[in-house]
Protein chains: 2
Amino acid sequence: MQGERRKFRREGEERRRDALVSAALDLISEGGPSAATVRAIAERAGVTPGLIRHYFQTKEELTREAYRALMHRMSSENAAVLEAAPADPMARLAAFVAAALRPPVVDPRSMGLWAGFLHQVRSDPAMAAIHAETYLGYRDLLQELIAALPGHNDPARLRTLAIACNGVIDGLWLEGCALPEAFAPGELEHIGLEAVGAILGLDLAASLPPAMPEETP
Amino acid sequence: MQGERRKFRREGEERRRDALVSAALDLISEGGPSAATVRAIAERAGVTPGLIRHYFQTKEELTREAYRALMHRMSSENAAVLEAAPADPMARLAAFVAAALRPPVVDPRSMGLWAGFLHQVRSDPAMAAIHAETYLGYRDLLQELIAALPGHNDPARLRTLAIACNGVIDGLWLEGCALPEAFAPGELEHIGLEAVGAILGLDLAASLPPAMPEETP
DNA sequence: CCTGTAATTATGCAAGTGTATAATTGAGGT
DNA sequence: ACCTCAATTATACACTTGCATAATTACAGG
């Protein structure tokens, strides 16, 4: 006798897929890719392992979906700042750079996830395609912000500048995620603005729009 | 009857440990951390799985040794350029930055390894200690190179500059490893010199000592 | 030529892996 | 109130993983 069968509630497909995807991301960020076993994911999502196969043909498919979700989340978190940013090109660029170098974009868990996926991104073509959609799109957005500055219209030069600025941002992002305690609040953003400004020959730090006061509910 | 027992040769402890460590590194760089199973490592090293337990108390210990070997290798590959570099501080810094942004330091396999280890580095204190020895030592070396420049003697300012330059180098290193085909030969080094130079207010690119002609055996 | 011993192999095991398939059951439509 | 069907659980399987232990064998010192 195996007692009683487990009770369950039916859910919409989207909610279950989301739950499984974020369970996978949570587990990878906590224990690395090897911690995201089918059984652990199911338990974290509050279902039994078999259900994963019902929504994803294979574990690899779930993994790809999780990577897509991660990259989308990180891109939006950074780009969101542009919605409330002023129209002035320098201020927009400064706001964008600063946003990339503070939470929630700077986050040790995100870096762990990013690193955990890296090898699959390099070996699985489907993962590489997801990477191209998001990561290169990010660099293009940065390039547009630079192109909007006065006096930047040589395409080749523009590309070089975008690569350099993207490199600075990536590198500092990495440093901030890896050694959060090594930087005073705001220090990383300031270094980033200084470095990107130096590359572009601008005083970006002076153009940073003042921070919005936090909501206090 | 199980046919004949496998023939073998006795080897010195150091050689066997080295062989096992580099087998592990090879496998991780090819197939990610999950590919470095005890059995696969043994086969790659030309021994049977049991021998690993003879030289390493646990697989985790072998993994730590492999990480240490990787970090040492990467640090030396970059620092080696200083031995043949001129005495002029600007030229030394330029040579160091450039060396960090071209092969063999820039190498997709190294990046894959680095990323594969990242989670263990963050969760295992022993790995974190190895990280501290090597990575932070790298940043200190960079800071020394900057301190040797004329007119850099404020310690706090020095630290900030070292962090920023290290960030630029790391970021561009990452870009170069991830997208090797995105850069023309020498382009990444040039961007790096320009960016670091901009941060420090120097024309580093002009100070780069000419490349040694390759040996042609 | 022995002989000891440490290096190496062989074998086994319990736990964990992804996946396939069959059995149940929640919930909406009529 | 029934009935249907998809959502969900349960079970099983073949394989892999790290590790332990016992059996062998290469090689140095006498």
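So that the names make sense, note that chain A is the first sequence line, chain B the second, and so on, each numbered from 1.
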Starting at atom [atom1] of [X], determine the distance to atom [atom2] of [N], rounded to an integer number of angstrom.
X      : N       : atom1 : atom2 : value
R5(A)  : dG26(C) : CZ    : P     : 10 Å
I52(A) : dT9(D)  : CD1   : C1'   : 13 Å
E43(A) : dT8(D)  : CD    : C1'   : 17 Å
R17(A) : dT8(D)  : CZ    : C1'   : 16 Å
R16(B) : dA7(C)  : CZ    : C1'   : 9 Å

**Request:** Tell me which nucleotide among dT24(D), dT24(C), dA7(D) gets nearest to the side chain of L51(A).
**Result:** dA7(D)

**Request:** Mind telling me whether W114(B) and W173(B) have parallel, tilted or perpendicular rings, with 30° and 60° as the class edges?
**Result:** perpendicular

**Prompt:** Under the side chain to side chain contact (heavy atoms under 4.5 Å, CB included) criterion, do F8(A) and V47(A) qualify, and how do the steps go?
**Reply:** CA-CA 8 Å; F8(A) 61 91; V47(A) 297; over 6 Å; no

**Request:** Flag the pair E14(B) and R17(B) as a salt bridge only when some basic side-chain nitrogen lies within less than 4.0 angstrom of an acidic carboxylate oxygen.
**Result:** no

Between the protein and nucleotides 18-20 of chain D, are there any N/O to N/O pairs under 3.5 Å, and if so, what are the atom names and distances?
residue : atom : partner : partner atom : Å
dG18(D) : OP1  : K59(B)  : NZ           : 2.5
dG18(D) : OP2  : V38(B)  : N            : 2.7
dG18(D) : N7   : R39(B)  : NH1          : 2.7
dG18(D) : O6   : R39(B)  : NH2          : 2.7
dC19(D) : OP1  : T58(B)  : OG1          : 2.8
dC19(D) : OP2  : K59(B)  : N            : 3.2
dA20(D) : OP2  : R53(B)  : NE           : 3.0
dA20(D) : OP2  : R53(B)  : NH1          : 2.6
dA20(D) : OP2  : R53(B)  : NH2          : 2.3

Among side-chain atoms of [X] and [Y], is any donor-acceptor pair under 3.5 angstrom?
X       : Y       : answer
Y67(A)  : D124(A) : no
R53(A)  : T58(A)  : no
D170(A) : Y138(A) : no

**Asked** OP1 or OP2 of dT8(D) less than 4.0 angstrom from a side-chain nitrogen or oxygen of Y55(A), does that happen here?
**Response** yes

**Message:** Is the phosphate of dT8(D) approached by H54(A) (side-chain N or O, under 4.0 Å from OP1 or OP2)?
**Reply:** no

**Request:** Identify whether any heavy atom of E11(B) sits under 4.0 Å from a base atom; if not, whether one sits that close to sugar-phosphate; answer base, sugar-phosphate or nothing.
**Result:** sugar-phosphate

**Request:** Walk me through it: do R44(A) and E30(A) pass the test side chain to side chain contact (heavy atoms under 4.5 Å, CB included)?
**Result:** CA-CA 12 Å; R44(A) 180 68 63 105; E30(A) 290 169 16; 3.0 Å; yes

**Request:** Kindly determine whether I146(B) and C165(B) satisfy side chain to side chain contact (heavy atoms under 4.5 Å, CB included), including the steps that lead there.
**Result:** CA-CA 9 Å; I146(B) 297 173; C165(B) 294; 4.0 Å; yes

**Request:** Check step by step if side chain to side chain contact (heavy atoms under 4.5 Å, CB included) holds for N166(A) and E175(B).
**Result:** CA-CA 9 Å; N166(A) 194 26; E175(B) 304 259 307; 3.4 Å; yes

Protein N or O to nucleotides 26-28 of chain D N or O, pairs below 3.5 Å:
residue : atom : partner : partner atom : Å
dA26(D) : N3   : R10(B)  : NE           : 3.2
dA26(D) : N3   : R10(B)  : NH2          : 2.7

